[in-house]
Amino acid sequence: MKKQPAAADKSTDGMVDYGRHSVAQQQLVDVMAGRIRQLTERLGLVEPELKIMDYGCGPGPSAINAVKPAIQAYRARYPDAPIAVCHADQPGNDWNALFKLAAGPSGYLAGATNLRSGAAVGSFYQQMAAAGSVALGTSFYASQWLSQAVRLNAPGAIWFADLTGSARDELAALASRDWARFLRCRAVELRPGGFFLLSTLGAVADASEVNGAAASGRGIYRAMQRVTQDMAREGAIDPQVLDHFVFGLWFLTAEEARRPLEDDPQLAEAFEIEHIGVAPAAQNPDDLFAHAIGDPAEYARLYTGHTRAFAHATLMAQVFTPSTANAAEAERLAENFYDRLQALYWQDLAKYACELWYVTVVLRRR
Ligand SMILES: C[S@@+](CC[C@H](N)C(=O)[O-])C[C@H]1O[C@@H](n2cnc3c(N)ncnc32)[C@H](O)[C@@H]1O
């Protein structure tokens with residue numbers, strides 16, 4: 001007997017091997033370090049304390065590197081002023097791994113004075129900090145996850161960029177509501193004069209795409225689409241399950257990012273827009289794994305690890321488990337899927353290249 005899909009599952013719970021397979025995330029946060037420093041310097045002295053909050057922090061090195069530049073910049077100017085760091089994520093985040101890193105040799109806790117570190121556990125689609133308390137908010141590689149898992153009648157498409165008709169309209173409406181909701185929560189939490197910096201997977205105009213925009217990582221989703229469709233055709237994956245499966249993701253264009261900040265009177269009043277733009281990744285924008293292209297086996301291994309790290313929880317909950325009778329079968333199906341994906345990446349190499357465009361938003365709370 002086949003199980004029903006778990007519609008309410010949080011698709012990002014339990015990310016796999018995050019530290020090892022988050023090269024792109026780490027590169028993005030590293031590129032943002034200069035901006036984080038500049039924004040912190042522009043804040044001046046913040047009383048009673050500088051509160052830094054990173055939304056969708058994850059468990060890995062980028063959670064540390066998102067806050068370290070702010071701590072360093074503030075300490076350089078105010079050696080004794082109090083700092084509060086808050087890492088915000090969902091309950092399923094690996095909090096032990098994160099605070100071990102924070103206290104380790106590359107962390108920020110050892111030897112720190114007048115610095116408190118803590119966590120906010122919940123959803124960034126709700127308020128996660130006291131009103132007017134956050135001086136610097138950041139969010140990297142996180143807000144592309146929508147507020148809920150998605151189930152739509154969408155045969156032949158597993159992600160937003162390939163949806164058409166009413167399925168696309170439905171997901172677009174959810175994404176637009178979620179983005180406005182995310183911003184409204186930050187408007188409440190930021191103190192006047194505070195900054196919010198967000199950067200994550202974005203999309204750029206491309207007339208050759210069905211929806212007129214090329215979205216980051218399109219090769220990954222098309223490779224997964226091909227493998228899942230083959231498996232459905234062979235009966236390994238339930239075709240009904242696959243026809244209704246769509247990742248709960250949306251990658252904003254610059255225009256989509258800007259829209260509620262201009263059109264929603266509450267948001268337009270709350271925020272001054274300092275910057276909104278979409279740009280290619282600073283390193284290997286046409287293929288995240290270009291450095292390994294000369295070694296196809298390594299290329300395929302790295303690419304599969306990257307895919308698995310963000311997609312596994314979603315696929316397990318929404319595709320493999322509902323296609324099988326028990327957990328052991330679901331695990332076997334998952335392994336079969338990753339083996340096939342790895343073989344496809346190996347065989348076709350750059351055909352499914354991971355292209356990256358990032359949308360970056362810098363706001364100041366009025
Ligand atoms: C790809 S990871 C990025 C983590 C980290 N910022 C980085 O750059 O490596 C996405 C993170 O967003 C978190 N996330 C997704 N939806 C969320 C939500 N609604 N509220 C809070 N965190 C969320 C996930 O749990 C995950 O840790």
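One-based numbering, in listed order, for ligands and for the atoms of each. All values below come from the heavy atoms of this structure, side chains included, with hydrogens, waters and symmetry mates left out.
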Undergrad: Closest by any non-hydrogen atom to atom 16 (N) of ligand 1: pick that one out of Phe124, Phe140, Phe310.
TA: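 That would be Phe124.
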
Undergrad: Return each pair, listed once, that meets side-chain hydrogen bond (donor to acceptor under 3.5 Å, both in side chains) where at least one residue sits in residues 109-119; pairs must be two or more places apart or across chains.
TA: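 For residues 109-119: Glu49-Arg116, Tyr108-Ser117.
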
Undergrad: If the contact criterion is a heavy-atom separation under 4.0 Å, does Ser22 count as touching ligand 1?
TA: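 Contact absent.
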
Undergrad: For Gly58, take its heavy atoms, then give the atoms of ligand 1 lying under 4.0 Å from any of them.
TA: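 Matching atoms, with element in brackets: 4 (C), 27 (O).
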
Undergrad: In ligand 1, which numbered atoms sit nearer than 4.0 Å to a non-hydrogen atom of Tyr125?
TA: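 Listed by number with element, the hits are 19 (N).
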
Undergrad: Out of all atoms in ligand 1, which are within 4.0 Å of some heavy atom of Tyr141? Include the element for each.
TA: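 What qualifies from ligand 1 is 1 (C), 2 (S), 3 (C), 8 (O), 10 (C).
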
Undergrad: With a distance cut-off below 6.0 Å to the six-membered ring centre and an angular limit of 45° from the axis, does Arg186 pair with Tyr55 as a cation-pi contact?
TA: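 Satisfied, under 6.0 Å and within 45°.
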
Undergrad: So for Gly122, does at least one of its heavy atoms come nearer than 4.0 angstrom to any atom of ligand 1?
TA: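 Judged by the 4.0 Å heavy-atom criterion, Gly122 does count as contacting ligand 1.
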
Undergrad: Verify the ring-centre separation between Tyr299 and His291: is it less than 6.0 angstrom?
TA: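 So the answer is no for these two rings.
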
Undergrad: Select the closest option to atom 7 (C) of ligand 1 among Gly92, Ser62, Gly56, Ala88, judged by heavy-atom distance.
TA: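 Closest candidate by heavy-atom distance is Ser62.
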
Undergrad: Quick check: are there more than 12 heavy atoms from other residues, nucleotides or ligands sitting under 6.0 Å from CD of Glu255?
TA: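 No.
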
Undergrad: Kindly identify the option in Ser123, Ala63, Ala309 whose heavy atom sits closest to atom 19 (N) of ligand 1.
TA: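 It is Ser123 whose heavy atom sits nearest to atom 19 (N) of ligand 1.
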
Undergrad: If the cut-off is 4.0 Å to any non-hydrogen atom of Cys57, which atoms of ligand 1 fall inside it?
TA: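 By the 4.0 Å cutoff, the relevant atoms are 4 (C), 5 (C), 6 (N).
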
Undergrad: Nearest 0.5 Å, what's the CD1-OG distance between Ile237 and Ser323?
TA: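 Ile237 atom CD1 to Ser323 atom OG measures 5.5 Å (nearest 0.5 Å).
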
Undergrad: I'd like to know if Asp264 and Arg184 make a salt bridge, using a cut-off of under 4.0 Å between side-chain N and carboxylate O.
TA: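 A salt bridge links Asp264 with Arg184.
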
Undergrad: Are Phe160 and Phe251 an aromatic pair, judged by ring center distance below 6.0 Å?
TA: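 Yes, ring centres under 6.0 Å apart.
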
